[in-house]
Protein chains: 2
Amino acid sequence: MSWRKEQRRAERGYHHGNLKEALLQAALGLIAEKGAAGFTFADAARMAGVSAAAPYRHFRDRDELLSSIAQRGFEQFESRLTAAWDDGRPDTVTAFERVGRAYLAFAREEPAFYNAMFESGLPVDSNPALQAASERAFNVIRAAAERLAALAPPGTPRPPAMMMALHIWSMAHGVASLFSRGDAARRKLPMSPDELLEAEVLIYLRGLGFPTDRRPQAKGAEPPPVPPEASSGSGVPPGGPWGKPK
Amino acid sequence: MSWRKEQRRAERGYHHGNLKEALLQAALGLIAEKGAAGFTFADAARMAGVSAAAPYRHFRDRDELLSSIAQRGFEQFESRLTAAWDDGRPDTVTAFERVGRAYLAFAREEPAFYNAMFESGLPVDSNPALQAASERAFNVIRAAAERLAALAPPGTPRPPAMMMALHIWSMAHGVASLFSRGDAARRKLPMSPDELLEAEVLIYLRGLGFPTDRRPQAKGAEPPPVPPEASSGSGVPPGGPWGKPK
DNA sequence: GGCTCATGTAAAGGTCGTTCACATGAGCTG
DNA sequence: CAGCTCATGTGAACGACCTTTACATGAGCC
């Protein structure tokens with residue numbers, strides 16, 4: 001028991017050398033396992049092979065570690081959303097949906113980050129850096145919505161991009177937290193979370209009058225604002241953005 | 001200090017008489033104050049004026065108390081959604097939106113319940129009774145979606161009611177958890193959460209081809225499936241389901 | 001009146017978060 | 001290279017919490 005500890009210490013010397021990073025990694029693993037609520041400062045220290053007091057040399061308290069993780073999460077989140085958006089290629093609607101899927105993919109593949117970011121209950125405004133990182137991530141969605149709004153079919157009023165961005169965000173977050181997380185809140189679904197969100201976004205965009213096929217738009221040459229009544233021939237599956245109706 | 005305790009005990013005798021209920025109420029208050037994560041079994045006991053061990057006569061552990069609260073929350077949730085739906089009066093779309101607003105109102109007015117139900121991190125399937133209560137609440141939305149789906153404009157494929165229900169749920173939950181809760185995750189918004197959700201649902205329904213005005217429908221006499229290109233004259237605010245575009 | 005058992009208490013063990021005085025040693029300074 | 005300094009880690013200690021255990025109380029029933 002204490003033998004292990006001495007062993008550990010012998011291997012790495014009195015000073016760890018990279019404790020801050022080790023703690024972040026350990027915490028990330030623990031949060032992925034047991035959720036942000038179940039994660040423990042002492043456990044992270046143990047996992048890094050240091051005493052329970054050592055972490056306080058690198059983080060004011062447990063919340064600051066959590067907040068650091070959340071911030072890092074928002075940064076990775078932003079970069080993944082940016083990559084998914086790919087500046088709107090090959091066409092705005094396709095890229096937009098890809099952003100939605102990237103949102104879900106992040107929630108699924110990085111449960112620890114997602115948990116720290118959205119479900120750990122720490123106030124967004126506790127840390128200015130955290131707030132800024134969160135804002136930057138949201139701005140990717142906002143910018144994409146901006147581009148999309150600019151494509152609004154002529155003749156219809158242009159939807160506010162900010163509103164669209166908030167709508168999309170709420171859809172993605174709703175699907176992610178209700179249906180797309182590993183441990184909790186899993187319900188039996190008739191379709192995958194990805195399909196669910198994709199259909200939701202497509203229907204929403206159609207409600208705004210957007211053509212929801214996937215053909216790349218030539219600039220300034222959008223298809224006419226014809227409602228997709230029978231959208232045969234478009235990229236939308238026949239029958240609409242959902243599977244076969246019963 | 002110990003004087004108070006004796007005083008308390010003198011007032012109520014050795015046996016509390018209604019401890020289980022008192023603990024539930026105390027926990028509810030504490031969760032509303034500090035969130036499910038910050039709520040403490042010992043605190044609830046203190047608040048009820050009993051020793052820290054007493055609660056274990058009524059709940060296996062802290063999680064069971066939390067789970068009881070979540071279950072009670074789902075029951076109240078169901079009853080409020082049911083009332084809001086009002087069996088689809090005066091017309092399906094209006095009633096449907098009222099359900100959405102009721103969802104947000106519940107999240108806002110009963111933060112403790114909402115927290116225990118959706119943000120406490122307890123597994124839904126831990127308690128069969130909890131799971132059942134959750135299912136019953138969701139079924140209100142599901143039934144409403146069923147009715148709505150039956151009104152799908154003829155000529156368009158009928159959307160699966162289950163999918164619609166999941167979509168609406170995810171929207172409401174997304175808006176509620178991102179924007180409509182007191183302490184955490186509050187962002188600056190160009191509109192209220194209620195307006196945000198209402199617009200989101202209206203646009204979504206329009207995307208499904210539903211007429212989104214509010215006139216009561218005569219049975220079997222739905223308006224034609226005309227797309228709301230310029231929806232002047234309908235109950236939808238001019239310019240669509242959002243405020244004035246800039 | 002006396003028994004029984006649900007309901008309460010006190011005490012104790014284990015874990016955590018956090019602080020404090022002290023130990024260690026890496027890196028600079030001369 | 002000797003010596004100093006200061007960031008970094010240790011161990012002990014405090015109070016709070018969760019949970020269990022042995023014991024106390026008294027309400028309801030015979």
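The figures here come from the full heavy-atom set of this structure, side chains too, leaving out hydrogens, waters and symmetry mates. Just so we're on the same page: letters track the sequence lines, and every chain starts at 1.
- Heavy atoms of Tyr56(B) sit under 4.0 angstrom from at least one base atom.
- Closest approach to the Ala42(A) side chain among dG17(C), dG9(D), dT21(D) is made by dG17(C) (side chain taken as heavy atoms from C-beta onward).
- Distance Arg60(B) CZ to dC18(D) C1': 14 Å, rounded to the nearest Å.
- With rounding to whole Å, Lys34(A) atom NZ is found 12 Å from dC16(C) atom C1'.
- Contact between the side-chain N/O atoms of Arg46(A) and the OP1/OP2 oxygens of dC16(C) is found at a separation under 4.0 Å.
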Test log, rule side chain to side chain contact (heavy atoms under 4.5 Å, CB included), inputs Met164(A) and Tyr204(A): CA-CA 9 Å; Met164(A) 288 180 55; Tyr204(A) 174 83; 3.9 Å; yes
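- Looking at the side chain of Ala52(A), the nearest of the listed nucleotides dT18(C), dT10(D), dC18(D) is dT18(C).
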field: Criterion side chain to side chain contact (heavy atoms under 4.5 Å, CB included) on Leu166(A) and Leu189(B), from CA distance to verdict
entry: CA-CA 9 Å; Leu166(A) 293 172; Leu189(B) 294 184; 3.7 Å; yes
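- In this structure, the NZ atom of Lys20(B) is 14 Å from the P atom of dA6(C), given to the nearest Å.
- For His58(B), a side-chain nitrogen or oxygen approaches OP1 or OP2 of dG8(C) to under 4.0 Å.
- Note on Ser51(A): a base of the nucleic acid sits closer than 4.0 angstrom, heavy atoms only.
- Counting any heavy atom pair closer than 4.0 Å across all strands shown, Gly17(A) reaches sugar-phosphate atoms only and no base atom.
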- request: For Glu21(A) and Arg72(A), run salt bridge (charged side-chain N to carboxylate O under 4.0 Å, His left out): C-alpha distance rounded to whole Å, both residues' side-chain angles, the deciding distance at 0.1 Å, then the answer.
  value: CA-CA 12 Å; Glu21(A) 192 55 34; Arg72(A) 213 174 260 218; 3.0 Å; yes
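- At a cut-off of 3.5 angstrom, the base of dG8(C) holds at least one donor-acceptor pair with the side chain of Arg57(B).
- Atoms CE (Met47(B)) and P (dC17(D)) sit 11 Å apart, rounded to a whole Å.
- Rounded to whole angstrom, the span from the CZ atom of Phe59(B) across to the P atom of dT20(D) amounts to 15 Å.
- Taking the side chain as every heavy atom from C-beta outward, Phe118(A) and Ser177(A) never approach each other to under 4.5 Å.
- Side-chain proximity of Ala53(B) to dG8(C), dG9(D), dT21(D): nearest is dT21(D).
- With ring centers used as reference points, Phe74(A) lies 6.0 Å or more from Phe113(A).
- Atom P of nucleotide dC16(C) and atom CG of Asp63(A) are separated by 17 Å, given to the nearest angstrom.
- Under 4.0 angstrom from either OP1 or OP2 of dG17(C) there lies at least one side-chain N or O belonging to Thr40(A).
- In this structure, the CZ atom of Arg62(B) is 14 Å from the C1' atom of dT15(C), given to the nearest Å.
- For the pair Leu65(B) CG and dC18(D) C1', the computed distance is 13 Å after rounding to whole Å.
- Taking only side-chain atoms of Asp43(A), from C-beta outward, the nucleotide of dG8(C), dC16(C), dT19(D) with the closest atom is dC16(C).
- Between Ala54(A) and Phe41(B), the residue anchored closer to the 5' end of DNA chain D is Ala54(A), taking for each the nucleotide with the nearest heavy atom.
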